[in-house]
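Each remark here refers to the structure printed beneath this line.
In the text below, chain A, chain B and the rest are named by the order of the sequence lines, each starting its count at 1. Since we're looking at a predicted model, the values are computed, not measured.
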Amino acid sequence: MRGIFDRWTRRVVAALFTLGLFSASPSVVAAGLLDEPLARLHADSFPETTKAIEEIARSGAPEAETLLRAMVDRRLLFDASSKTVVVKDASDKFLDARTLKPLASPPAALSPVRINNRLRGLIDAELGTLALVSPDRTRRFEAADALFRSRKASDLKAVEQAIAREKDGAIATALRKAHSAIQLARDDASLSDKLAAVGELAAFTDTDTLGLLNQTLASAQQPELRTSLEAAITRIEHQRQLLAGVQNVIYGLSLGSVLLLAAIGLAITFGVMGVINMAHGEMVMLGAYTTFVVQEAFRAWAPAAFDFSLLVAIPLAFVFTGLVGIAIERGIIRFLYGRPLETLLATWGVSLVLQQAVRTTFGPTNREVGNPSFMSGGFEVFGVSITWGRLWIIVFTLLVFAGLQLVLRATRLGLEMRAVTQNRRMAGSMGIRSARVDALTFGLGSGIAGIAGVALSQIDNVSPNLGQSYIVDSFMVVVFGGVGNLWGTFVSAFALGIANKLLEPVAGAVLAKIFILVLLILFIQKRPRGLFALKGRAVEA
Amino acid sequence: MITKLLVDSLDRRATLFLGFLGLILVAVPLLNLWVPEGSAFHVPTYLVSLLGKYVCFAVLALSLDLVWGYCGILSLGHGAFFALGGYAMGMYLMRQIGSRGVYAHPTLPDFMVFLNWKELPIFWYGFGSFPYALLMIVAVPGVLAFAFGWLAFRSRVAGVYLSIITQALTYALMLAFFRNDMGLGGNNGLTDFKDIVGFPVQAQGTRAVLFMLSVALLGMSFLLARILVTSAFGKVLVAIRDVESRTRFLGYRVENYKLVVFTVSAMLAGLAGALYVPQVGIINPSEFAPANSIEAVIWVAVGGRGTLIGAAVGAFVVNLLKSVFTTGALAAYWLFVLGGLFILVTLALPKGIVGTLEDLVAAKRKRIEERDRRGAVPELAE
Amino acid sequence: MSITRRRVLGGVALIASLAMGAPVALAQDTIKVGVLHSLSGTMAISETTLKDVMLMLIEEQNKKGGLLGKKLEAVVVDPASNWPLFAEKARELISQKKVSAVFGCWTSVSRKSVLPVFKELNNILFYPVQYEGEESERNVFYTGAAPNQQAIPAVDYLMSKDGGEVKRWVLAGTDYVYPRTTNKILEAYLLAKGVAKEDIMINYTPFGHSDWQTIVADIVKFGSAGKKTAVVSTINGDANVPFYKELANKGVKATDIPVVAFSVGEEELAGVDTKNLVGHLAAWNYFQSVKDPANDAFITKWKDFTKNPKRVTNDPMEAHVIGFNMWVKAVEKAGTVDPDKVIDAIVGVEVPNLTGGVSKMLPNHHITKPVMIGEIRADGQFDVVWQTKGLVPGDAWSDFLEGSKDLEADWVGKKCGNFNTKTNKCGS
């Protein structure tokens with residue numbers, strides 16, 4: 001074998017494969033190709049595995065991609081004693097790594113081939129080359145990104161061909177970016193090639209490009225190249241600086257939406273009903289735990305539909321926390337109307353009990369709530385980075401707010417709610433059953449806190465302490481906006497969020513928060529009833 | 001008539017309360033120091049410092065009742081004044097360690113040495129002297145309360161708005177004190193104290209004296225508060241609590257009354273904090289946590305708002321329960337008990353323990369009186 | 001009226017009965033062991049597990065026949081994440097419950113709070129969590145890692161070829177004493193290794209920080225200077241979940257900017273979806289994934305004890321296992337539970353740890369431990385990618401801090417926790 005397939009031959013075959021000249025290959029040949037690298041894996045040492053990865057990728061065997069992907073996913077297993085390497089496929093069947101044919105009797109003691117970050121990077125790069133011809137759009141995109149990061153001179157040809165082939169505009173741009181990166185990294189590229197590459201890269205504003213340019217600058221010799229690199233870097237940095245303000249406002253909007261979401265339920269129970277509802281945070285927590293339970297159910301029975309778990313969790317959380325809220329109102333709070341300060345005491349008690357109940361039921365540790373795929377990851381527009389999760393939370397918050405306004409303005413229940421909170425006795429004499437309306441209002445506030453919990457579970461801990469971390473901020477938001485005024489809460493949440501995020505880069509996270517609190521205290525001196533004070537009789541109540 | 005009865009009964013109660021304080025002031029240290037350990041009457045040192053802690057909490061609750069129960073200012077940030085007093089005392093105690101810290105640095109506390117501080121920050125100067133520290137213990141909370149109140153009361157911030165900005169105040173202070181750059185030990189706070197005015201903090205005798213001082217402080221705060229609330233000044237306070245606008249229209253400078261009582265209350269809280277620190281041995285920013293201040297409000301509510309004695313009773317009862325339930329089999333479930341208690345008290349005893357007892361006594365007396373006067377005439381519906 | 005009175009009486013009776021219901025003194029023929037871990041409040045999330053481990057260990061020891069012919073009895077208290085309450089409960093355990101040793105504390109401040117109590121009442125505390133060092137007390141045994149057993153090896157690894165030859169460092173931590181000290185030590189160490197000052201970024205955040213957008217963006221920006229960048233995270237427990245979620249969403253991959261954490265273990269990851277965190281690192285002295293018969297047995301026992309096949313194990317749990325076994329051995333060696341005798345007997349005691357080594361109690365009251373670097377896997381466990389050849393002895397006083405480089409702890413020969421080798425005096 002060795003005599004025939006010496007090192008050079010293998011390289012040539014590998015190159016031909018990379019260029020996609022062969023579409024299939026006799027597996028006898030391939031099996032021989034993989035023998036040596038697979039044997040290296042028995043050693044369970046990183047240097048050997050490194051060699052194995054390079055050899056597998058260059059072997060040209062059609063199994064190469066499957067093997068490398070299996071390695072990343074810890075599905076490539078080995079047994080040193082029987083000298084076997086197997087792949088565990090998606091349905092947990094064991095395949096012989098050399099042929100990818102099912103194994104009749106897999107060895108008993110298998111352990112995964114271990115890799116570390118360096119190897120992971122290496123595999124990404126190798127896969128990038130292999131995946132350039134993939135029919136799957138995302139694969140190709142990932143490949144382009146991987147090649148941008150690895151920037152190996154040997155990939156240049158493959159990338160150029162891929163650019164010529166590519167019809168998708170976004171991928172073509174990514175490929176051109178990778179091409180420029182390779183040109184810059186290549187020792188034997190001409191100056192004009194390099195200058196052209198810098199010119200191409202200067203159009204991007206992302207941090208990866210900036211990193212690449214900085215790195216190139218550190219080792220660049222030719223003065224023309226240095227000047228052009230410096231110009232490109234200054235340009236990108238300048239642009240990023242201009243965008244920093246926009247970026248911070250976006251961060252602020254996101255923080256504001258979280259604050260609004262956390263506070264909006266309180267704006268009803270506290271703001272509208274006047275109950276100093278210390279158990280509000282726990283309602284948020286219950287909503288988050290509802291999400292956890294729903295997701296567990298999905299994991300157990302419908303893992304494929306996991307992305308829909310949040311859609312199911314939202315109504316369930318609303319109903320569940322709403323019912324808990326109604327129970328609290330009927331059981332405790334209805335005896336306390338007109339004594340708002342005592343609601344503080346009772347709801348504090350409720351919050352302690354709920355926290356401990358959750359701790360006893362679900363344990364004190366964090367529970368895992370997953371991000372559905374549409375909420376994972378992020379994107380960059382004009383150099384401003386936005387993550388999907390946060391974007392959806394902003395949208396969701398606006399929807400919840402709009403929905404709540406709709407309920408209050410356009411439904412009979414909303415009308416009755418407003419009537420009862422404005423003048424209980426008058427409403428009663430008009431035939432409104434105020435007790436029922438109270439219960440429903442509290443239930444509505446609690447239910448909204450519950451759906452806030454669903455959203456917050458996406459970005460924060462799901463632990464028994466979840467509620468406690470939002471309660472103080474929520475009260476601040478409601479009071480700053482003006483108690484009893486939903487639009488006040490809306491404006492206040494976003495104002496506090498944006499102010500916080502604009503201050504943070506200057507002052508640091510802690511001082512920014514302290515400044516905000518001090519500003520809040522001073523602002524209340526100017527407007528003792530918040531941003532939007534209610535006028536009329538309700539004020540003195 | 002009834003008012004007079006109430007005042008009389010309260011006065012008797014006040015005397016009783018002070019008498020009781022006098023009794024434990026003498027008895028607890030006696031039983032601790034002179035009764036041998038095996039005896040059934042021996043009070044262990046553990047209990048002395050525990051009681052001392054409760055008494056300090058009682059002073060905090062009392063100071064809060066003074067502003068909330070009598071003037072209607074619901075402060076959700078009183079823990080801040082308590083903690084500031086505590087920090088002033090802690091700084092004094094840290095300076096007393098001198099070169100006995102682990103790094104044996106002559107002036108810098110340990111936490112500054114290992115974070116590479118080179119010299120003592122200016123605001124630490126003077127805390128080596130006890131009189132200065134004592135001054136700061138009342139002055140720092142006092143000045144802060146005065147400044148805060150001056151702003152808030154003049155712009156007529158009231159009700160929940162005031163409550164929430166007091167909460168913002170203590171929250172901001174907590175965040176600030178957590179910062180290690182503040183030079184106050186960050187999260188670890190100030191601890192490992194050695195001496196107080198020359199006596200070792202941990203000695204049994206020192207503990208007994210600290211306990212006596214705390215009880216004495218409670219007694220004196222109680223007296224001061226009584227004098228304030230029974231005087232003409234106190235009548236105005238109650239008027240402000242009940243209908244603020246009317247009081248204002250009658251020509252009283254409401255904001256000045258509020259400012260005085262708020263500042264006095266903060267100073268009392270500061271003193272309580274100062275006595276608390278040497279007895280528990282640590283002061284840390286979590287004393288500023290909003291939850292702590294809310295808890296203090298709850299002590300007052302449990303004991304009975306606007307009764308002064310109730311505040312002390314509430315602080316004592318709630319903390320006793322906390323101590324009892326956090327040990328042993330119930331340890332994992334004590335929040336159920338505590339939370340349940342708060343709910344129960346609100347529903348069943350809306351006036352708190354002392355307030356309800358007062359009602360009972362008053363009602364009984366009224367019944368007896370009516371029976372005496374009229375014979376057995378059925379009561380009117382309430 | 002009468003209803004109210006009945007209510008009042010009922011309430012009083014309830015309170016009284018609850019107060020009386022406190023556990024009465026138990027028979028004297030047991031050896032009591034205090035368990036001082038928060039079961040409520042912010043720290044319950046980490047500490048409750050350690051309480052369970054202690055209960056399991058004590059139960060197991062009793063099955064083996066107890067200690068010195070007596071049964072062990074756990075006395076559990078809840079200091080409720082409240083630092084003064086820690087001191088109060090410690091005092092109660094020692095002076096009222098008469099425990100022979102206490103296993104407890106997680107945060108540095110809780111340890112600092114109970115220290116004077118242990119010194120005054122002369123008892124023993126086993127402290128199981130990695131901490132900032134700069135302490136060695138006669139009454140405390142530190143079974144967690146000192147900075148030289150966690151932080152410095154981790155940085156060494158990242159500087160190596162396998163670690164990615166990191167040139168630029170972000171030291172991100174929660175603003176409290178452990179991250180502050182660790183970062184001070186690391187900064188001094190990195191500067192000594194020739195890293196330029198502008199290649200180190202230090203950032204502190206408050207406890208429970210949940211909005212990481214700005215900071216993660218700053219890290220990414222710092223990492224775009226063209227040099228391999230890594231984050232050394234001393235971010236405290238709770239804040240980690242939102243931090244990692246933000247990292248994952250921003251697409252910061254371990255292959256670009258690896259994050260090595262000192263406070264994130266199996267337990268913390270149980271609350272995160274780790275699919276996007278694969279490859280980020282943690283430095284510990286124990287990982288659940290380590291293949292070792294002792295570890296396998298421990299994991300099985302733990303899952304049985306908690307009746308939960310999904311329960312994970314972590315580093316502080318192993319520290320308690322080691323500490324408890326050391327205490328048992330020392331008591332057997334001394335023939336008594338008297339703290340003075342046990343303190344003398346325990347130094348030099350060796351017990352097997354769960355990763356195949358034998359840990360030894362050193363005269364500075366710290367122990368020897370292996371240091372391991374693990375990479376996060378998609379299933380929330382760690383793959384050990386690097387580990388020290390032998391065990392590393394814990395160093396109480398860092399050699400990289402100005403104030404402590406001349407200090408040395410030796411409770412056997414010098415009977416001193418802060419012996420100054422320059423002045424040859426204890427404590428000065």
Side-chain angles (χ1 to χ4, degrees), chain B residues 44-46 49-50 53 99-100 102-105 110-111 113-116 175 178-181 185-189 191-193 201-202 276 280-282 284 286-287 317 320-332 334-335 337 341 344-345 348-349 353 356-357 359-360 363 379 382, chain C residues 1 4-5 7-8 10-12 14-15 18-19 21-23 39-40 48 75-85 87-89 91-92 95-97 107-109 112-113 115-117 119-120 132 134-135 175-177 180-181 184 204 206-207 401-404 407 417-418 420 425 427-428:
Chain B
T45 311
Y46 156 72
S49 30
L50 196 60
K53 187 172 116 174
S99 64
R100 283 170 294 172
V102 292
Y103 300 102
H105 196 283
D110 285 344
F111 69 85
V113 179
F114 77 68
L115 292 178
N116 288 345
L175 292 174
F178 263 129
R179 299 179 64 237
N180 274 282
D181 296 336
N187 181 45
N188 272 15
T191 179
D192 207 12
F193 308 129
V201 176
Q202 303 206 325
Y276 169 82
V280 301
I282 185 167
N284 146 287
S286 60
E287 298 293 338
V317 167
L320 179 70
L321 287 176
K322 223 174 162 177
S323 292
V324 170
F325 289 128
T326 45
T327 303
L330 278 175
W334 69 276
L335 279 180
V337 180
L341 174 84
L344 209 74
V345 166
L349 311 173
I353 297 170
T356 311
L357 284 176
D359 277 4
L360 281 179
E379 263 182 66
E382 284 177 26
Chain C
M1 198 70 254
T4 319
R5 190 194 300 170
R7 275 190 184 169
V8 172
V12 170
L14 178 82
I15 292 164
L18 287 173
L39 310 179
S40 56
T48 313
V75 184
V76 177
V77 292
D78 176 15
S81 315
N82 176 327
W83 321 129
L85 202 57
E88 181 193 319
K89 289 290 153 190
R91 191 173 283 280
E92 184 186 343
S95 69
Q96 299 308 108
K97 306 289 177 191
T107 56
S108 278
V109 56
K112 291 273 184 208
S113 168
L115 256 185
V117 179
K119 279 198 270 186
E120 181 196 341
E132 67 277 6
E134 303 301 294
E135 191 181 296
D175 188 2
Y176 71 111
V177 68
R180 286 259 173 191
T181 319
K184 276 264 181 315
Y204 291 105
F207 280 96
L401 289 181
E402 217 173 286
S404 65
L407 296 181
N418 52 340
N420 193 321
K425 272 197 285 187
S428 57

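The side-chain contact (heavy atoms from CB on, under 4.5 Å) check on B:Ser286 picks up B:Asn284, C:Trp83, with sequence neighbours excluded. Scored by the side-chain contact (heavy atoms from CB on, under 4.5 Å) test, C:Lys112 finds B:Asn188, B:Thr191, C:Glu135 as partners (sequence neighbours excluded).
Top candidate by heavy-atom pairs under 4.5 Å with chain B, chosen from C:Glu92, C:Glu402, C:Glu132, is C:Glu92. Contacts with chain B were tallied for C:Leu401, C:Val75, C:Thr181; C:Thr181 has the most, counting heavy-atom pairs under 4.5 Å. Ranked by heavy-atom pairs under 4.5 Å with chain B, the list C:Pro79, C:Ser81, C:Ser108 is led by C:Ser108. Interface remark: of the candidates B:Asp192, B:Thr45, B:Val201, B:Asn180, B:Asn180 forms the most heavy-atom pairs closer than 4.5 Å to chain C. The greatest number of non-hydrogen atom pairs below 4.5 Å with chain B, out of C:Ala80, C:Ser113, C:Ser404, C:Ala87, is found for C:Ser113.
Across all non-hydrogen atoms, the minimal contact from C:Gln96 to B:Pro44 is OE1-CB, 3.7 Å. When all heavy atoms are compared, the tightest approach of C:Leu85 to B:Lys53 is CD1-NZ, 3.7 Å. Residues B:Leu335 and C:Ser40 approach most closely at CD1-CB, 3.8 Å, considering heavy atoms.
Rounding to the nearest 0.5 Å gives a distance of 9.0 Å between CG of C:Asn418 and OH of B:Tyr103. Here the straight-line distance linking atom CZ of C:Arg91 with atom CG of B:Leu50 works out to 10.0 Å at 0.5 Å rounding.
Neither the backbone nor the side chain of C:Tyr204 comes within contact range of chain B; no heavy atom of the residue lies under 4.5 Å from a heavy atom of that chain. Heavy atoms closer than 4.5 Å to chain C are found nowhere in B:Phe111, neither backbone nor side chain. With a threshold of 4.5 angstrom between heavy atoms, C:Leu115 does not approach chain B through any atom at all. Only the side chain of B:Ser49 comes within less than 4.5 Å of a heavy atom in chain C; its backbone stays farther off.
Only one option out of C:Asp78, C:Val76, C:Leu39 pairs with B:Thr326 in a side-chain contact (heavy atoms from CB on, under 4.5 Å); it is C:Asp78.
Side-chain contact between B:Asp181 and C:Arg180 is present, with heavy atoms from C-beta onward closer than 4.5 Å. With a 4.5 Å cut-off on side-chain heavy atoms, B:Thr327 and C:Val77 count as touching. Looking only at side-chain heavy atoms (C-beta outward), B:Val280 and C:Glu88 stay at 4.5 Å or farther from each other.
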